Amino acid sequence: MAAEMMIRGGGASSSPPALILTSGASGRIRAIFSPRALRSLLTLIYAFVLILILPFRGRRRASSSEKKDRDEMMKQEIIICGGGSSSSSSSSSSSSSSQQKLRKGSSTVVMRVPSAMVSWRRAAAMDHEVAARRALSIKRVLEEEEKCCLVRDFSLFVTARGDTVFTQSWAPPSSVKIRGLVIILHGLNEHSGRYSDFAKQLNSYGYKVYGMDWIGHGGSDGLHAYVPSLDYAVSDTKSFIEKVVAENHGLPCFCFGHSTGGAILLKAMLDPKVEANVAGLVLTSPAVGVQPSHPIFAILAPIVSFLLPRYQVSAANKKGTPVSRDPEALEAKYSDPLVYTGSIRVRTGYEILKITSYLQQNLNKLRVPFLVLHGKADTITDPEASKKLYEEASSVDKEIKLFDGLLHDLLFEPERQEIMEDIIEWLNQRVEKF
């Protein structure tokens, strides 16, 4: 693997590659500007305007039976039986408790979710699809715990908005002394469980690892891969970091972020209270520089994302833009039901544009130590933007590595082992100074 260590940032290339709007492989935006797609979009906008000018009739009062149904939805029970999952109502008084109750067995796990997690205003988000994703996330944690000598666990926490966020952890066996903490934040369209192999390697070096599925991803609430606001993810990340640090007093805490996850972490680190809790930041292919393929999108995006936030942009299929040169890694990614492979939604794309624009204007405010790694052949996020991050950040301790020929998903490239070793070496050097 040819790697280049950057001591000083180089100049931006004269013709940066065309980039897509998302950090996932399914988000090309070009198709929205085809005549056919534009006609469809204008038709939808016209229909929406017609609806707005119709007489407002107000909200129909809920009947007593609807209220009863709604109250039942406030009490949720997720049951995992073998490889399947289902959800059922429970009127037990224990369902309103603030404690999660789990029963582990060889074939059955029952989790009662407190009613506070499923208020009637969030009931729409807690549909069968969300419950199935959460059940699968939990099932994978429990299965891996049985197979490995590591300590695997998961937990749920409720945000100030009322959303339930799924988190998980990997801890080394009791014979290994814990030296530090690493919090993993995944990229768009994926989930924290994809980094289990990386977490296990970190465990072997004495790091306890935590992962959080941000809103709309993995086992967390929300329409799959729909992001109403990336500030939600930033806020949840801050809360999660605070929680992890409080539970592991005295241990240095590092954060790892991939792609959009890296952008979320960077914005979180601009908060001095969060920065004070973090000993260092590792970023792979961070979404610091992402541009729409056509300038008109920057004009249309705010309007369309407001009127039709969930509108799915016709995009190239998942195989159109390779993110790894390893066929097995690609097959594993796109056959995973927790990985979103549909077309990007307008609001999600707009939120990515917003956070990258914000970061570009505030890179000089970053002071936390960091290591950034990027493949030069990445067509999803811009390697030149990572160089700009390195050059403009105020961090005294900062390092960048660029890799010839490597694509977007660095930890799923054929050279993944060498990249993991680079990251662990960087962490070890800073833990020894702690």
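Just so we're clear, the structure is a prediction, and the values are computed from it rather than from any experiment. Position 1 is the first residue of the sequence; numbering continues from there.
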Closest non-hydrogen atom pair, Arg161 against Ile215: NH2-CD1, 4.0 Å
Compute whether any side-chain donor of one residue and acceptor of the other, for [X] and [Y], lie under 3.5 angstrom apart.
X: Gln417; Y: Gln201; value: yes
X: His408; Y: Ser259; value: yes
X: Asp231; Y: Tyr358; value: no
X: Tyr390; Y: Lys388; value: no
X: Lys365; Y: Asn362; value: yes
X: His217; Y: Asn189; value: no
X: Asp378; Y: Thr381; value: yes

Any side-chain heavy-atom pair from [X] and [Y] closer than 4.5 angstrom?
X: Glu275; Y: Arg367; answer: yes
X: Leu411; Y: Ile423; answer: yes
X: Val141; Y: Phe166; answer: yes
X: Leu265; Y: Met269; answer: yes

Backbone N/O of Thr164 and side chain of Asp221: donor-acceptor pair under 3.5 Å: yes
Flag, side chain of Arg152 to backbone of Ser169, donor-acceptor distance under 3.5 Å: yes
cation_pi(Lys376, Phe403) dist<6.0 Å, angle<=45: no
Geometric cation-pi criterion, Arg347 with Tyr226: 6.0 Å, 45°: no
Is the shortest distance from a Lys or Arg side-chain nitrogen in [X] or [Y] to a carboxylate oxygen in the other one below 4.0 Å?
X: Asp197; Y: Arg416; result: no
X: Asp382; Y: Lys387; result: no
X: Glu144; Y: Lys139; result: no
X: Asp409; Y: Arg194; result: yes
X: Lys354; Y: Glu351; result: yes

Output field: ring centroids Phe256/Tyr207 closer than 6.0 Å: no
Steps toward ring pair (Phe, Tyr, Trp, His ring centres under 6.0 Å) verdict (Phe412, Tyr195): CA-CA 9 Å; Phe412 300 91; Tyr195 295 86; 5.6 Å; yes
Option among Ser155, Ser196, Ser137, Ser192 that satisfies the side chain to side chain donor-acceptor pair (under 3.5 Å) test with Gln168: Ser192
Mutual orientation of the aromatic rings belonging to Phe157 and Phe240 [parallel < 30°, tilted 30-60°, perpendicular > 60°]: parallel
Candidate list [options], test side chain to side chain contact (heavy atoms under 4.5 Å, CB included), partner [X], passing option:
X: Leu427; options: Asp422, Leu371, Val182; answer: Val182
X: Ser395; options: Leu281, Leu366, Leu389; answer: Leu366
X: Val209; options: Ile183, Leu181, Ile184; answer: Ile184

Ring pair (Phe, Tyr, Trp, His ring centres under 6.0 Å) between His186 and His258, intermediate numbers included: CA-CA 5 Å; His186 62 81; His258 174 64; 9.6 Å; no
